[in-house]
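This report concerns only the one structure given below.
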Amino acid sequence: MEKDWVSKFTSKYDEIYYDHVSEKNEFPEDFFSALGADNRFGLLVSNKNGGSEISFSEFVQNILDMSRRAGTLTYYFVAQNLSAKLFDDHGTEKLRSLLPEVMAGKAKVNLALTEEQSGADALSINTEAVQTGDGNYSITGDKYCVTNGKGADYLMVAARTSPPSDKKSHGLTTFVITEKQPAKTSFVSLGKMGLNFLPLYSVSFNGVKVSRDAVLGEIDRAWSFLSRTFAADRLALGAMFVGMGRMALDRAAEYAREREVFGRKIGSNQGIQFPLARAFIELSASEAYILRGSEMMDNGEIDRNRDIPMGAYYHSVNAASMAIDAALQTLGASGYLSGFVEKLYRDIRYYRMGPISEQLALVSIAERTLNMPGAKE
Ligand SMILES: Cc1cc2nc3c(=O)[nH]c(=O)nc-3n(C[C@H](O)[C@H](O)[C@H](O)COP(=O)(O)OP(=O)(O)OC[C@H]3O[C@@H](n4cnc5c(N)ncnc54)[C@H](O)[C@@H]3O)c2cc1C
């Protein structure tokens with residue numbers, strides 16, 4: 001794979017594009033299609049199923065590079081590649097047959113896991129899938145905050161297939177609804193603070209039919225592979241946060257070198273220099289953390305070291321938040337006016353609460369790594 005494809009790609013899909021689509025409040029169709037047309041959604045898929053099968057570390061390097069120019073739009077690059085990998089690793093023959101469309105960006109894949117009443121406690125979801133006489137399933141329940149819920153061509157839906165038992169993670173199954181906006185489904189659009197290019201919906205299923213061969217992994221055992229995918233997601237998003245922080249920092253340093261008030265460049269004041277230098281150091285530390293985690297992912301060591309993706313996510317979302325805030329302060333009023341830095345500021349705020357919140361990243365390390373008492377499964 002050619003090394004500089006990301007820099008070519010982001011020479012078009014850059015800060016200006018990110019700012020522009022964020023203003024429009026729309027799904028960035030041309031960004032998404034361009035990645036698909038360039039075969040960039042099958043990077044982690046095996047060669048035997050038509051993918052590029054690059055290492056996770058190489059994928060993460062692509063994310064670091066892309067997000068420094070395209071900012072949070074990189075989310076779609078992350079999510080579609082990880083979804084394709086799920087189809088490749090855990091899909092039935094039917095689901096794997098959909099991979100060419102997914103890898104070409106002709107079909108968008110999204111995940112409906114969260115429910116309003118269970119929130120971050122994903123193992124307590126109530127959506128049910130009941131087996132029908134013909135061996136297929138019928139899904140009923142309400143999902144909340146589903147990215148691109150209405151625009152998804154393939155919606156991965158987590159549902160309970162067995163009642164909760166002592167082991168909370170048992171009894172969940174992930175189905176793939178392979179029809180866009182299927183019958184017996186309703187959508188409500190949700191307004192939000194940032195991430196304007198990311199349409200968000202509540203999605204209600206009322207007896208939606210799904211075939212037995214549209215299941216990822218095994219019935220009742222979705223959590224085992226979902227939790228592994230979430231570990232990859234934490235590292236991949238962490239790389240995106242580092243890029244977002246650097247995007248803001250690049251702009252702030254440039255402004256600090258040029259802007260003159262009180263008869264001197266603002267960048268000659270230590271009050272401006274130090275927060276930006278500190279942000280640089282924290283972002284570099286996050287990058288090292290993420291690259292170490294990615295290497296462990298490639299070497300099959302991550303299952304035994306789940307603190308690494310949690311810690312890397314926590315560190316990078318905080319480093320990026322700090323960098324973007326310092327950049328905004330440096331830019332003064334010009335940063336507060338509409339532009340890509342204020343958009344990064346609003347976008348990064350979400351990632352401190354999801355897909356894993358800061359607190360739950362800390363809870364995980366406290367309880368699973370440091371073995372402190374808590375609400376372990
Ligand atoms: C923009 C956006 C996109 C999203 N996309 C998707 C998607 O595509 N698919 C999907 O399924 N979901 C999606 N979500 C949902 C998202 O993953 C959830 O918001 C997230 O999991 C947290 O749930 P909650 O907000 O209901 O928090 P709650 O569970 O209500 O928690 C509220 C607060 O309490 C804290 N808290 C909870 N328990 C503890 C504890 N034990 N210790 C300390 N603090 C605690 C939390 O960290 C949080 O700060 C999206 C949400 C948003 C806003």
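All figures in this text were calculated on a predicted structure; none of them were measured in a lab. In listed order, ligands and their atoms are each counted from 1. When a residue number appears, it is its place in the shown sequence, counting from 1.
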- Query: Polar-atom distance check: D121 versus ligand 1, any N or O pair below 3.5 Å?
  - Reply: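 Such a contact does not occur with ligand 1.
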- Would one find an N or O of V146, backbone or side chain, under 3.5 Å from an N or O of ligand 1?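 So ligand 1 has no N or O lying under 3.5 Å from an N or O of V146.
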Atoms of ligand 1, numbered as shown, that sit under 4.0 Å from any heavy atom of [X]:
X: S357; result: 46 (C), 47 (O)
X: L113; result: 10 (C), 11 (O)
X: L195; result: 1 (C)
X: L360; result: 38 (N), 39 (C), 40 (C), 41 (N)

For [X] and [Y], test the side chains for any donor-to-acceptor distance below 3.5 angstrom and give the result as yes or no.
X: D142; Y: S204; result: yes
X: Y17; Y: D30; result: yes
X: E58; Y: N62; result: no

- Message: Could you check whether F340 and Y18 have their ring centres less than 6.0 Å apart?
- Response: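 No, the ring centres sit 6.0 Å or more apart.
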- Ring centre gap for F241 and Y351 strictly below 6.0 Å: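 Aromatic pair counts; centres sit under 6.0 Å.
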Would you say [atom] has a protein heavy atom nearer than 4.0 Å?
atom: atom 25 (O) of ligand 1; answer: no
atom: atom 14 (N) of ligand 1; answer: yes
atom: atom 31 (O) of ligand 1; answer: no
atom: atom 35 (C) of ligand 1; answer: yes
atom: atom 4 (C) of ligand 1; answer: yes
atom: atom 8 (O) of ligand 1; answer: yes

- Message: Judged on heavy-atom distance to atom 50 (C) of ligand 1, which of Y350, Y144, Y75 sits nearest?
- Response: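 The residue whose heavy atom sits nearest atom 50 (C) of ligand 1 is Y350.
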- Option with minimal heavy-atom separation from atom 48 (C) of ligand 1, where the choices are M353, Q359, E358: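 Considering heavy atoms of M353, Q359, E358, the nearest to atom 48 (C) of ligand 1 sits in Q359.
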- Spatial distance of atom CG (L95) from atom CG (D88) [nearest 0.5 Å]: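 Nearest 0.5 Å value for the CG-CG distance: 11.5 Å.
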- Message: When you measure from the side chain of N126 to the backbone of G141, do you find a donor-acceptor pair of N or O atoms at a distance under 3.5 Å?
- Response: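 Pair absent, no side-chain N/O of N126 close to backbone of G141.
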I need the nearest protein heavy-atom contact for [atom]: residue, atom name and distance, please.
atom: atom 42 (N) of ligand 1; answer: V363 CG2, 3.8 Å
atom: atom 12 (N) of ligand 1; answer: T114 OG1, 2.7 Å
atom: atom 6 (C) of ligand 1; answer: C145 O, 2.8 Å
atom: atom 23 (O) of ligand 1; answer: A120 N, 3.3 Å

For ligand 1, does [X] get within less than 4.0 Å through its side chain, its backbone, both, or neither, judged by non-hydrogen atoms?
X: L200; value: side chain
X: N110; value: neither
X: L111; value: backbone

- From R234, M297, M296, E301, residue fulfilling side-chain contact (heavy atoms from CB on, under 4.5 Å) relative to I308: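 Between I308 and the candidates, side-chain contact (heavy atoms from CB on, under 4.5 Å) is satisfied uniquely by M296.
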- Task: Check the pair F175, Y137 against ring pair (Phe, Tyr, Trp, His ring centres under 6.0 Å), reporting the backbone distance first and the verdict last.
- Result: CA-CA 9 Å; F175 296 89; Y137 284 82; 5.0 Å; yes
- ring-ring contact (aromatic ring centres under 6.0 Å, His included) contacts in which one or both residues fall within residues 274-298, not counting sequence neighbours: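 Matches after skipping sequence neighbours: none remain.
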- Test the K108-F27 pair against the cation-pi criterion, namely NZ or CZ under 6.0 angstrom from the six-membered ring centroid and within 45° of the ring axis.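 K108 over F27 ring: yes.
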- Give the C-alpha distance, both sets of side-chain angles, the deciding distance and a yes or no for side-chain hydrogen bond (donor to acceptor under 3.5 Å, both in side chains) between N110 and Y201. CA-CA 11 Å; N110 297 92; Y201 292 89; over 6 Å; no
- Message: Holding to ring-ring contact (aromatic ring centres under 6.0 Å, His included), I want the full list of residues that pass it with F41, two or more places apart in sequence or in another chain.
- Response: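 Checked F41 against ring-ring contact (aromatic ring centres under 6.0 Å, His included); matches are F32.
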